[in-house]
A.B. asks: 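Take a look at the following structure, please.
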Amino acid sequence: MAAPAAAPRIVIENCAIATVDADDTEYVSGHIVVAGNRIESIGAGKAPENLQNVVRRVDGTGHLATPGLVNTHHHFYQWITRGLATDHNLFNWLVALYPTWARIDEQMTYAAAQGSLAMMARGGVTTAMDHHYVFPRNSGDLSGSIIRAASELGVRFTLARGSMDRSEKDGGLPPDFAVETLEGALAATEETIDRHHDASFDSMTQIAVAPCSPFSVSTELLKQGAELARRKGVRLHTHGSETVEEEKFCHELFGMGPTDYFESTGWLGEDVWMAHCVHMNDSDIEAFARTKTGVAHCPSSNARLAAGIARVPDMLAAGVPVGLGVDGTASNESGELHTELRNALLINRLNPAHREAALNARQALRLGTYGGAQVLGRASQIGSLEPGKLADLVLWKLDTLAHASIADPVTALVFGAAAPVTLSLVNGEPVVENSRLLNVDEDAIARSTRDEAQRLARIAAQA
């Protein structure tokens, strides 16, 4: 699918390029030509001469060009509850924070989405994802507010419309007032798909069906949610195998581990991806590989909540699609995906089964780009720099004090400090230049998120 002949062109030259294509093609000094919203050509040396309709030329000297980063798991609303319950494991953390989260409203959710998206985009994310599952009664159009924030900022976006219907009275963790009914959750999810999902090649907004977790949703919600997603032709997302407590919960309640339980409810398949998957045995990994079920690896959050180290090298060796996730910023306060490249590499090397051979710099970059595109079902469109793909790319500045003495640019990006973003294109349009967002006011967002965090804290305290 080529761009129209008269499409405006952006030419980037003189930069190192890591395409993350199937052959891991790289150029020490190369060029990228963007025509409209597509990558038209890429290669070594200068761009072709006599190109028509060139509206901008970028000198990439001292930079590395990569595909834009793809975030595969997040909870945007948590931006306004950062820094709380900092010494808790997952279950205790959830119990501590659910009563506050259950009092969010549309204004809070919009501000939190702006903050989450702004932080990721500034750090090279071009495709974002939000798993939103808290829908208090009479709280407004939460899904619409999140989608609006993504559209205004200019990033490609997947909203995983979450849900919970198993509260404390049913043996779950959320308070009774924080959940939906089975029928209400399914109807609202279907309405969100009908209103917002765009299945086109260059779609900027897609919807997934995303009941929260085995310990916060009923078996029937999982089963009917899977049926709804497949009837509508959208993807499925949930949390899986995050902690040892979750595994114990599943065995006690369902008589089987999380993976077997998910398979029994229709939740394994190439249209499914799950967050975390920390506690997976060989049989679980084999089941994910056999069904091509994807994984969103969230190393910083897993460390913050002491959940453990996911077996990412074993998953990759088995053929499981794996991407990276920020996770919610109440368990990863930085809210940045480019730091997850480094943390994924370092934390996986702590696993004594693999140690220094666990991941290398290029594998980490692949997790954050092409791997994420696979997990979101968009690998034919984004995740690598190839002619015909969508023009979602990032130009990282690597010639400053932080990186200049590292000879290999991919090593500099992954092992080094967080690199500044000189230019980020989404769908061929600039969204970041010189580490500043172009479409929104960062300072105004900072004020808004602070105000909404304080308002939520007051409401929760009064309750």
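This is a predicted model, so every value here is computed, not measured.
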A.B. asks: Does Asp105 pair with Arg455 as a salt bridge, N-O distance under 4.0 Å?
C.D. replies: yes
A.B. asks: Do any N or O atoms from the side chain of Asp165 and from the backbone of Ser218 form a donor-acceptor pair under 3.5 angstrom?
C.D. replies: yes
A.B. asks: Measure up the Phe262 and Trp267 rings against each other and bin them: parallel (under 30°), tilted (30 to 60°), perpendicular (over 60°).
C.D. replies: tilted
A.B. asks: Is the shortest side-chain N to carboxylate O distance from Lys232 to Asp194 below 4.0 Å?
C.D. replies: yes
A.B. asks: Give, for atom CG of Leu423 and atom OG of Ser435, the distance between the pair rounded to the nearest 0.5 Å.
C.D. replies: 11.0 Å
A.B. asks: Flag the pair Arg156 / Asn427 as yes when at least one side-chain heavy-atom distance between them is below 4.5 Å, and no otherwise.
C.D. replies: yes
A.B. asks: Would you say Glu270 has more than 12 foreign heavy atoms packed within less than 6.0 Å of its CD?
C.D. replies: no
A.B. asks: I would like to know whether Val34 and Leu393 meet side-chain contact (heavy atoms from CB on, under 4.5 Å); could you show each step before the answer?
C.D. replies: CA-CA 10 Å; Val34 171; Leu393 61 90; 4.0 Å; yes
A.B. asks: Do Arg161 and Val234 have side-chain heavy atoms sitting under 4.5 Å apart?
C.D. replies: no
A.B. asks: With rounding to the nearest 0.5 Å, note down the distance linking OG1 in Thr449 to CD1 in Ile445.
C.D. replies: 8.0 Å
A.B. asks: Would you check if the side chain of Ser145 reaches a backbone N or O of Leu142 as a donor-acceptor pair within less than 3.5 Å?
C.D. replies: yes
A.B. asks: Assess the residue pair Leu367 and Val312 against the criterion (side-chain contact (heavy atoms from CB on, under 4.5 Å)); give the C-alpha distance rounded to whole Å, side-chain angles, the decisive distance to 0.1 Å, and a yes or no.
C.D. replies: CA-CA 10 Å; Leu367 289 176; Val312 171; 4.3 Å; yes
A.B. asks: Using a strict cut-off of less than 4.0 Å between a Lys/Arg side-chain nitrogen and an Asp/Glu carboxylate oxygen, indicate whether Asp392 and Arg378 qualify as a salt bridge.
C.D. replies: no
